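For clarity, every value in this text was computed on a predicted model and none was experimentally measured. Each residue takes its place number in the sequence, starting with 1.
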Amino acid sequence: MAALGCLGFEVNISAVHSVRRAYPTRTQNPSCCWTLRTILCPKFASDKRNSRTEQAQNEIDNARKIDEWYALAMTTREWEKNPVEDRPFDDQSCRRSALPDESHFSVEAEQNFLDLHVLHLGACCVKHPNRKQVTKSSKQLVSSESPSTGWGSLRAPSKRDVQGPRKRHKGLDAPPPLLDYIVVMDFEWTADNKAKMLPIAEITQFPAVIMKLEDRKWVKQNSFSTVVERQSPIALPVDLSIPCFSNRVVNADAFAISAFDTFVRPTLNPILTQFSIDLTGITQDDVNDAPSIHIAIREFVQWLKSLELVDDSGVRKGNWCFATWGDVDIMGTLRQELDFKGHKLPLCFDRWINLKHDSMFKKHYGREPRGGLRKCVESVGAEWSGRAHNGLVDSFNTAKIVRHMVQTGFRFTRPTRGLDRNGLPFGLKKR
């Protein structure tokens with residue numbers, strides 16, 4: 001290893017250990033000892049020369065020896081096809097006549113020849129030394145020499161030999177498909193002014209809006225006569241549900257096709273605080289007759305099933321994802337409440353998109369999503385409509401950001417967060 005390091009080679013350490021395990025004793029391969037001994041650790045000129053011309057010529061000689069040494073390593077690849085004891089020694093195949101005199105090599109070769117055996121693995125284990133280390137004076141001398149004379153009778157290694165098989169360029173790969181649907185959600189839950197809800201906060205409103213995403217091809221091919229299927233128990237805003245047909249400005253489009261909304265009755269803290277009533281506009285009468293969280297979840301999954309987005313067991317069907325303004329809706333409030341009350345989270349909530357993530361809003365608009373939801377909606381040119389902190393109103397306005405991002409070229413292709421097989425968010429430990 002020290003011999004390889006002094007010559008500027010980069011060696012795969014795991015490959016060396018694998019070779020040592022495969023060949024525990026060097027007596028198993030006496031037939032190739034001479035070749036391994038002669039191509040390992042050439043003894044370069046040890047005398048220090050003060051002349052710059054002599055030093056440059058010395059570097060050229062060393063570089064030629066390294067080239068010959070590396071070329072012989074490339075020719076030994078065929079030895080891996082046969083067992084060690086069956087490898088014959090052939091003067092012609094090893095090209096002994098083309099080697100430098102043995103006096104140029106160190107006695108350490110016999111002791112460290114197993115380290116050299118990693119050269120049999122080819123370019124994946126040993127990289128050709130960096131020729132940029134040669135000084136300017138030596139470069140001028142090298143440029144005057146013929147580039148093929150350094151290899152002698154050996155074939156110079158090609159770029160494929162050094163780098164291995166060429167991989168397909170990423171630019172030729174097909175881009176990931178666009179999501180078919182995005183289900184925008186914005187929950188409301190119990191809260192108090194400057195006080196934490198104990199033992200946990202509970203959801204009081206469970207809304208959702210389904211946005212259908214279409215690419216540029218669909219936008220150009222369809223017109224206002226195209227019938228868009230909608231199955232919504234709730235009226236949809238006009239400015240959010242009408243597609244932009246045959247529009248040359250937009251690259252793609254996203255429009256609402258259905259919405260869901262229900263109030264939820266809290267059971268741990270059934271009486272709403274005045275702060276929560278003033279903030280959300282949800283009154284005590286709204287939640288008294290509302291279903292509990294596990295019934296609201298069941299109705300929500302049935303609504304997704306009617307749109308063929310989930311199967312009977314609640315598993316996602318097709319290429320779609322949830323989207324929220326932050327991670328706290330699904331990762332925090334919904335998951336913690338169902339876990340505390342002993343209910344299972346539906347399997348379709350295994351991943352979602354956080355629109356405030358750096359890879360979403362900031363990446364597309366080049367700025368942080370600051371100032372609250374309403375300010376961000378107005379900053380993209382959309383008009384805010386409705387009362388803030390109402391779950392359904394916030395979901396509709398959040399969907400306007402999704403639509404503007406799609407129309408201006410953003411491609412929703414993947415989630416930003418999700419749950420693992422244990423139901424824990426990625427990157428968090430169970431406490």
Side-chain angles (χ1 to χ4, degrees), residues 182-209 260-270 272-273 275-276 279-280 282 287 290-298 300-301 304 314 316 321-362 368-370 372-373 376 388-395 397-399 401-402 414-431:
I182 290 181
V183 181
V184 182
M185 309 186 75
D186 194 307
F187 302 143
E188 300 297 331
W189 51 83
T190 57
D192 199 0
N193 188 17
K194 299 181 181 180
K196 185 178 181 181
M197 298 299 299
L198 297 176
I200 59 171
E202 298 175 273
I203 294 177
T204 57
Q205 188 178 8
F206 199 106
V209 179
F260 175 87
D261 185 31
T262 181
F263 293 112
V264 182
R265 175 172 52 87
T267 57
L268 301 178
N269 295 286
L272 299 179
T273 62
F275 174 80
S276 179
L279 179 66
T280 63
I282 301 174
V287 299
S292 58
I293 184 63
H294 70 282
I295 297 178
I297 285 285
R298 187 188 310 165
F300 174 73
V301 173
L304 293 178
R316 179 184 289 101
C321 193
F322 292 106
T324 58
W325 189 250
D327 289 322
V328 67
D329 293 82
I330 298 177
M331 185 179 71
T333 308
L334 178 61
R335 183 182 65 90
Q336 292 177 1
E337 181 178 359
L338 293 179
D339 183 66
F340 185 86
K341 296 182 178 180
H343 304 297
K344 291 184 178 181
L345 185 69
L347 299 177
C348 57
F349 284 96
D350 60 341
R351 57 181 182 265
W352 62 90
I353 296 173
N354 177 10
L355 296 173
K356 296 173 65 176
H357 195 268
D358 290 345
S359 63
M360 295 292 165
F361 190 95
K362 182 179 178 180
E368 296 286 347
R370 297 175 180 175
L373 177 60
C376 292
H389 296 292
N390 177 280
L392 184 61
V393 172
D394 289 351
S395 298
N397 287 280
T398 304
I401 296 180
V402 174
R414 61 177 181 85
T416 61
R417 209 63 187 266
L419 304 177
D420 58 17
R421 63 182 65 182
N422 297 321
L424 298 176
F426 298 152
L428 295 184
K429 296 182 180 180
K430 188 175 183 180
R431 299 179 180 178

Nearest-0.5 Å distance that lies between atom [atom1] in [X] and atom [atom2] in [Y]:
X      : Y      : atom1 : atom2 : answer
Gln205 : Asp394 : CD    : CG    : 8.5 Å
His343 : Ser292 : NE2   : OG    : 6.5 Å
Phe349 : Asp329 : CZ    : CG    : 10.5 Å
Ile203 : Thr190 : CD1   : OG1   : 9.5 Å
Ile353 : Leu355 : CD1   : CG    : 7.0 Å
His294 : Thr267 : NE2   : OG1   : 9.5 Å

Would you say the side chain of [Y] lies within less than 4.5 Å of the side chain of [X], judging by non-hydrogen atoms?
X      : Y      : result
Met185 : Phe187 : yes
Arg298 : Pro291 : no
Cys376 : Ile401 : yes
Val183 : Val209 : no
Pro346 : Ile297 : yes
Arg351 : Leu419 : no
Pro199 : Leu268 : yes

So which atom in [X] and which in [Y] form the shortest heavy-atom distance, rounded to 0.1 Å?
X      : Y      : result
Val301 : Gly314 : CG1-CA, 4.3 Å
Arg335 : Gly423 : CD-O, 3.6 Å
Asp186 : Pro207 : O-CG, 3.1 Å
Phe260 : Ala296 : CZ-O, 4.3 Å
Asn354 : Thr416 : N-OG1, 2.8 Å
Ala201 : Thr333 : O-CG2, 4.3 Å

Quick check: does any side chain N or O of [X] sit under 3.5 Å from a backbone N or O of [Y], one acting as donor and the other as acceptor?
X      : Y      : value
Asn390 : Val393 : yes
Glu202 : Trp189 : no
Asn269 : Leu198 : yes
Thr204 : Glu188 : yes
Gln336 : Ile200 : no
Asn422 : Leu424 : no
Arg316 : Cys348 : yes
Thr273 : Ala191 : yes

Under 3.5 Å, is there a donor-acceptor pair between the Asp327 and Trp352 side chains? yes
Decide whether Thr324 and Lys356 meet the rule of one side-chain donor and one side-chain acceptor closer than 3.5 Å. no
Which is it for Phe300 and Thr262 under the side chain to side chain contact (heavy atoms under 4.5 Å, CB included) test, yes or no, and what are the steps along the way? CA-CA 9 Å; Phe300 174 73; Thr262 181; over 6 Å; no
Count the heavy atoms of every other residue, nucleotide or ligand shown that sit under 6.0 Å from NZ of Lys344, and state whether that count exceeds 12. no
